[in-house]
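Take a look at the structure set out below.
Being a predicted model, the structure only gives us computed values, none of them experimental. Below, read A as the first sequence line, B as the second, and so on, with proteins coming before strands; counting in each chain starts at 1.
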Amino acid sequence: MTEASATTSAAGDLPVDGVLAAVPIALSLLVAGWALVATLRHRAPDRAQFAGLAVLEAALLVLTVLTLIALGGGQRPDEPGSFFGYLATLVCLPPLAWVLARMEPTRWGSAIVCTICLVTPVVLVRLQQTWTVLGG
Amino acid sequence: MADPQPAERPQPVDRTRTNSGPGRLLIAVYLLFAIAATSRAGLQIATRFEAAPMAYLLSAFAAAVYIVAAVGLGRAGRTGRLIALACCTVELVGVVGVGAVSQARPEWFPDETVWSGFGSGYGYIPLVLPVLGLLWLWRTRHDLDLAVTSRPRPSRVESDQSFGPPAT
């Protein structure tokens, strides 16, 4: 699903694509689903949510590092300003969820984790678009 | 560090405060929108301000409102509530007004803003967010009454607390 929606052309050259993007998106949705269940069950953020956020952050950092390597190799995003804005935002989202969830040890903490984990895939897809949009 | 069994006790929400519980979720969403609108407006103004100055200034204004609203909700005192109330009102007027104008006079907004098309570019969340904010401020309005009336009439406080919002 993510691969299909990611790009139409020149997909092979893009660092923010394929498995690299699909894994964080899937992870994020998984954590969001789990957090939603916790919210509906009136549960505070549990270890699984924090662990999920940590793994998600790790996956995003891997994506960031590989992207920077690709940049070092001469590839360039089509909209550099937006690209780095989205990249910086993306990497900050799981820590933001972590901090806010720590501050709010109630069901609403789980709701915060769920919300931010739903936003993360959107930002990631927008990140892909700023890299892959051709022309302009 | 984790609470060993945070799920065991249902959270007693007897002390509903603007910046806790659902309010914290609201603050989180406001923070996200503050980040999104600020970076978007900053980028637009920095790279192509001449293309649509009005739209970009509006984006910057919206970004500022989101930031101030998040701060206001986070402070939770009388001042914070007033700030949040003002921001939510401005947002609601802004999103409805800009949405209507961008439909009627699209040429005034050659580029998208956060509030164009009633916030359709952001899943209509800009339209829903101020409404939720105002509802939340209304729901927690007795916080302030408690703080104000606690000194002259302490007994009143006890009865008021039993009327607190249900711990849903």
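Nearest heavy atom pair, residue A28(B) against residue I112(A), reads CB-CG2, 4.1 Å. S82(A) and L43(B) make their closest contact through OG-CD2, 3.1 Å (heavy atoms, listed as atom of the first residue, atom of the second, distance).
There is no path of hydrophobic side-chain contacts, each under 4.5 Å, that joins V29(B) to V68(B). One hydrophobic cluster holds both L137(B) and L127(B) under the rule that ILVMFWY side chains link at heavy-atom gaps under 4.5 Å. Hydrophobic clustering keeps M54(B) apart from L57(B) (ILVMFWY residues linked when any side-chain heavy atoms are closer than 4.5 Å, directly or through intermediates). Linking ILVMFWY residues whenever their side-chain heavy atoms come closer than 4.5 Å, directly or via other members, leaves V37(A) and V55(A) in distinct clusters. Taken together through direct or relayed side-chain contacts under 4.5 Å among Ile, Leu, Val, Met, Phe, Trp and Tyr, I69(A) and L60(A) form part of one hydrophobic cluster.
Separation of atoms OG1 (T47(B)) and CD (E79(A)) is listed at 9.5 Å; rounding is to 0.5 Å. Summarising the geometry, atom OG belonging to S20(B) is positioned 11.0 Å from atom CH2 belonging to W108(A); distances are rounded to the nearest 0.5 Å.
Among residues two or more places apart in sequence or in another chain, the side-chain hydrogen bond (donor to acceptor under 3.5 Å, both in side chains) test is passed with S110(A) by Q49(A). Every residue meeting the salt bridge (Lys or Arg N to Asp or Glu O under 4.0 Å) condition with R24(B), not counting sequence neighbours, appears here in chain and number order: E104(A).
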What donor-acceptor contacts under 3.5 angstrom involve side-chain atoms of residues 93-100 of chain B, with partners at least two apart or in another chain?
none

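For L31(B), the part sitting under 4.5 Å from any heavy atom of chain A is the side chain, from C-beta outward, and nothing else.
Residue-level contacts of residues 91-101 of chain A with chain B, in order of numbering, are L93(A), L96(A), L100(A); threshold 4.5 Å between heavy atoms.
Partner L25(B) forms a side-chain contact (heavy atoms from CB on, under 4.5 Å) with one of V113(A), T115(A), T106(A), I116(A) and no other, that one being T115(A).
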